[in-house]
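One structure is given here, and the rest of the page talks about it.
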Amino acid sequence: MAAETLKSTSGSGGAAAVRRVLLDNGALTALIVLVVALSALSGDFLTTDNLLNIGVQAAVTAVLAFGVTFVIVSAGIDLSVGSVAALSATVLAWSATQHGVPVALAVVLAVATGIAAGLVNGFLIAYGKLPPFIATLAMLSVGRGLSLVISEGSPIPFPDSVSHLGDTLGGWLPVPVLVMAVMGLVAAFVLGRTYIGRSMYAIGGNEEAARLSGLRVRKQKLAIYALSGLFAAVAGVVLAARLSSAQPQAADGYELDAIAAVVIGGASLAGGTGKASGTLIGALILAVLRNGLNLLNVSAFWQQVVIGVVIALAVLLDTLRRKAGAAPVAGASQGGKGRQAVTYGLAAVVTVAVVGATSFLHGGSSAAANPRIGLALSTLNNPFFVQIEAGARAEAKRLGVDLTVTDAQNDASQQANQLQNFTSSGVDAIVVNPVDSDAAGPAVRAADKADIPVIAVDRGVTKAATKALVASDNVAGGELAAKTIAGKLGGHGKIVILQGQAGTSAARERAQGFAQGLRAYPGIEVVAQQPADFDRTKGLDVMSNLLQAHPDVQGVIAANDEMALGAVKALGSKAGKSVQVVGFDGTPDGLKAVEAGTLYASVAQQPSQLGKIAVDNALTALKGHKTEQTVKVPVKVVTRDNVAGFSG
């Protein structure tokens, strides 16, 4: 039968050989198809700067995924790597900048933090008999919580000597790409050349058989999860270096990207299969996809749909490959490795040839007639920022400007990637609403270096030059909100404060304004302050909980209208009667609640005007005209008395 199979394979011709190569390398095939398609669709994709951007954007996910590969090969799961990355980076920045610990020792502490978190995971799984999902889910929460506790919810500047990890060598080669390559080689060595690597495959293939054969499974699991923690710590340091600050909310959700990269790369969640090269390809697929969708100006909402579909198709292709019997046998010989090298070489040649051909599609294209402006928003899951987008789009349409909008989903790293994509694609100007003022700095400096004018809207950018800041004063608005609630209560009463998402500049500045405004009213007692992350549902839950401890509360200040509306829902019939609620932003739903009387007031920022004025200033700067450094859009307290005549 073996002879017949060999004969059938050898006699099948070139088409069958190509089919075999494609089936044997499902992830690689998907990557090639993506590269070719995006090269054909966008003339900005196949540039040196953009390809380096893709490498940088894949780096953190890839390093995390290399660590997760160890766990998945051994039939485990690690949901904590994103939180462990953030915690490790926070420990480094906190110890080095706030406590004077030498940077070298601070780096050791960061790595030790990652290893310790991994050991705790391994101990709970191996000796506590907890399912890996539960143990690492618990560490996800613990790690994120400790990061917030250590940083007190605010970003911590990163040491300059470590921040160089986010720079380039020779002015062109990004250091994160080098780190990714080194960690990939380490992962490949561990999996293919070490005792613990062989143990991972044995445990993943059949844990009971591995134990009966004399393998110390529990100790091996400790080492496996410790390795995952180590790689997470390295990823966290690289991410923080890119952002020049340790963000307590950094890498949120990255564990899912890491797991997706491993599975797309050909590993099985059932264990026993997986390799570092496949994981790297999986991480590159995610980075190429996000980069290409940005360049093609695909809606931020549709991007999530497309990414999910591509992940499903990539895994489906791998499933078909397995059913077709195309998977190579574990423990391939040197000949098998040689065939793999030939496969990768063939893939590179095919990709270069096809991409080179498609580049002719764009070679003779002329420059766009209309100015191109990129608008990078912190989130589009909040009505306030949706209104900024609406104002910007309306003004861009009126002025004949091509506007590309991206949604960072409150992820500073994702926004840095989007800003880099704008820069590499050669937009004429950029408008940025930073997730975090410090984290946006490096990407904005890169745009400045490329002579692309940058306008900041709603929040400023630190350690980088912008042509203008179009914003209302969050601190002044916070003071106004505090004075409004105090005035309504007659200067006496108990209130609670619902804070925004920890670590964001808007949350910090509005909280500062609340505190400053309340100093003039000693009769106002703040009985509780809790974050509700600018989210209506969380505002409802947090307010419901606070009412159990403080049923006699008489007022609520919320750092945005969404949380205020959640508080109104929790208060029920008390809202607007025995309990007064003041929100912030002047969103359409907030203004309706003001009109109905359930929300006493909203400190309105006129977000559509922010978007409109930002586009105007971007076009002014693009034409080489001088802009005002700070353009203030006045805030206004909107109550039932004046809501009818107010327009945001």
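Panel note: side chain Thr462, backbone Ser437; a donor-acceptor pair is recorded below 3.5 Å. With Arg144 contributing its side chain and Val84 its backbone, the two residues share no donor-acceptor pair below 3.5 Å. Under the 3.5 Å distance criterion, the side-chain polar atoms of Gln57 are matched with a main-chain donor or acceptor of Asn417. Judged purely by atom type and a 3.5 angstrom limit, Ser244 has no side-chain atom pairing as donor or acceptor with the backbone of Ala240. Gln415 places a side-chain N or O within donor-acceptor distance of the main-chain N or O of Val435, the cut-off being under 3.5 Å. Looking only at distances, a side-chain donor or acceptor of Ser425 sits under 3.5 Å from a matching main-chain atom of Phe422. For the pair Arg459 (side chain) and Pro434 (backbone), a donor-acceptor distance under 3.5 Å is present. Listed for the Gln499 side chain is no donor-acceptor partner under 3.5 Å among the backbone atoms of Ala559. Using a distance-only test at 3.5 Å, with no hydrogens or angles considered, a donor-acceptor pair links the side chain of Asp561 to the main chain of Thr587. With hydrogens and angles disregarded, a donor-acceptor distance shorter than 3.5 Å links the side chain of Gln629 to the backbone of Thr466.
For the side-chain hydrogen bond (donor to acceptor under 3.5 Å, both in side chains) condition, no pair includes a residue of residues 175-187, sequence neighbours left out.
The structure places CD1 of Ile388 at 12.0 Å from CD of Gln606, a figure rounded to the nearest 0.5 Å. Rounding to the nearest 0.5 Å gives a distance of 10.0 Å between CG of Asn560 and CD of Gln605. Distance CD1/Ile452 to CD1/Ile430: 5.0 Å, rounded to 0.5 Å. Atom CG in Leu46 sits 11.5 Å away from atom CG in Leu295 (nearest 0.5 Å). We find the CD-NZ distance between Glu628 and Lys467 to be 13.5 Å, quoted to the nearest 0.5 Å. Interatomic distance, Met183 CE to Leu178 CG, rounded to the nearest 0.5 Å: 13.0 Å.
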Distance-only donor-acceptor hits, side chain of residues 95-107, under 3.5 Å, sequence neighbours excluded:
unit_1 : atom_1 : unit_2 : atom_2 : d
Ser95  : OG     : Val91  : O      : 2.7
Ser95  : OG     : Leu92  : O      : 3.1
Thr97  : OG1    : Ala93  : O      : 2.5
His99  : NE2    : Trp94  : NE1    : 3.1

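Under a 4.0 Å N-O distance rule, the pair Lys397/Asp402 does not qualify as a salt bridge. Look at Arg510 and Asp473 and you find no salt bridge, because none of the NZ, NE, NH1 or NH2 atoms lies under 4.0 Å from a carboxylate O.
Counting heavy atoms from C-beta outward, Leu293 and Arg290 have side chains that stay 4.5 Å or more apart. Using a 4.5 Å heavy-atom threshold, the side chains of Val603 and Asp585 count as separate. Using a 4.5 Å heavy-atom threshold, the side chains of Leu284 and Leu34 count as separate. Side-chain atoms of Ser277 and Leu280, non-hydrogen and from C-beta on, never get closer than 4.5 Å to each other. Annotation: side chain of Leu165 is in contact with side chain of Val162 (closest heavy-atom distance under 4.5 Å). Taking the side chain as every heavy atom from C-beta outward, Asp411 and Tyr254 approach each other to under 4.5 Å. No side-chain heavy atom of Arg393 sits less than 4.5 Å from a side-chain heavy atom of Ser608. Asn381 has its side chain out of reach of Phe534: every pair of non-hydrogen atoms, C-beta onward, lies at least 4.5 Å apart.
Of the N and O atoms on the side chains of Thr69 and Thr279, at least one donor lies less than 3.5 Å from an acceptor on the other residue. Asp533 and Gln501 form no side-chain donor-acceptor contact under 3.5 Å, judged by distance and modelled atom types alone. One side chain, Gln247 or Asp436, offers a donor N or O that lies under 3.5 Å from an acceptor on the other. Asn53 and Asn291 form no side-chain donor-acceptor contact under 3.5 Å, judged by distance and modelled atom types alone. In this model, a donor atom of one side chain and an acceptor atom of the other lie less than 3.5 Å apart for Gln420 and Arg242. At a cut-off of 3.5 Å, with distance as the only test, no side-chain donor of Asp49 or Ser424 sits close to an acceptor on the other residue. Under 3.5 Å, the side chains of Asn294 and Gln418 contain no donor-acceptor pair of N or O atoms. When only modelled atom types and interatomic distance are considered, Ser228 and Asp78 share a side-chain donor-acceptor pair under 3.5 Å.
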Begin from the C-alpha positions of Val35 and Phe45 and carry the test side chain to side chain contact (heavy atoms under 4.5 Å, CB included) through to its verdict. CA-CA 9 Å; Val35 169; Phe45 179 80; 4.2 Å; yes
Stepwise salt bridge (Lys or Arg N to Asp or Glu O under 4.0 Å) check, Lys623 with Asp428: CA-CA 10 Å; Lys623 293 177 179 178; Asp428 298 304; over 6 Å; no
Using side chain to side chain donor-acceptor pair (under 3.5 Å), reason through Asn617 and Thr627 one step at a time and then give a plain yes or no. CA-CA 7 Å; Asn617 278 265; Thr627 58; 4.8 Å; no
Take Met563 and Lys538 through the test side chain to side chain contact (heavy atoms under 4.5 Å, CB included) and record every step on the way to the result. CA-CA 7 Å; Met563 294 187 296; Lys538 291 183 180 179; over 6 Å; no
If you apply the rule side chain to side chain contact (heavy atoms under 4.5 Å, CB included), what do you find for Phe384 with Glu562, and how did you get there? CA-CA 9 Å; Phe384 175 77; Glu562 286 295 287; over 6 Å; no
Could you walk me through whether Asp616 and Glu395 pass the side chain to side chain contact (heavy atoms under 4.5 Å, CB included) test, one step at a time? CA-CA 8 Å; Asp616 288 340; Glu395 187 68 356; 2.4 Å; yes
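For Arg372 against Gly426, the heavy-atom pair with the smallest separation is NH2-O, 3.0 Å. Pairing each heavy atom of Ala62 with each of Met180, the nearest pair is CB-SD, 3.6 Å. Heavy atoms only, all atoms of each residue included: Ala443 and Ala416 are closest at CB-O, 4.1 Å. Across Ala86 and Pro248, no two heavy atoms sit closer than the pair CB-O, 4.1 Å. Closest approach of Ala618 and Val431 over heavy atoms only: CB-CG2, 3.9 Å. When all heavy atoms of Ala65 and Ala258 are compared, the pair lying nearest together is CB-O, 3.6 Å.
Checking Ser147, Ser245, Ser151 one by one against Thr90, the side-chain hydrogen bond (donor to acceptor under 3.5 Å, both in side chains) holds for a single residue, Ser147.
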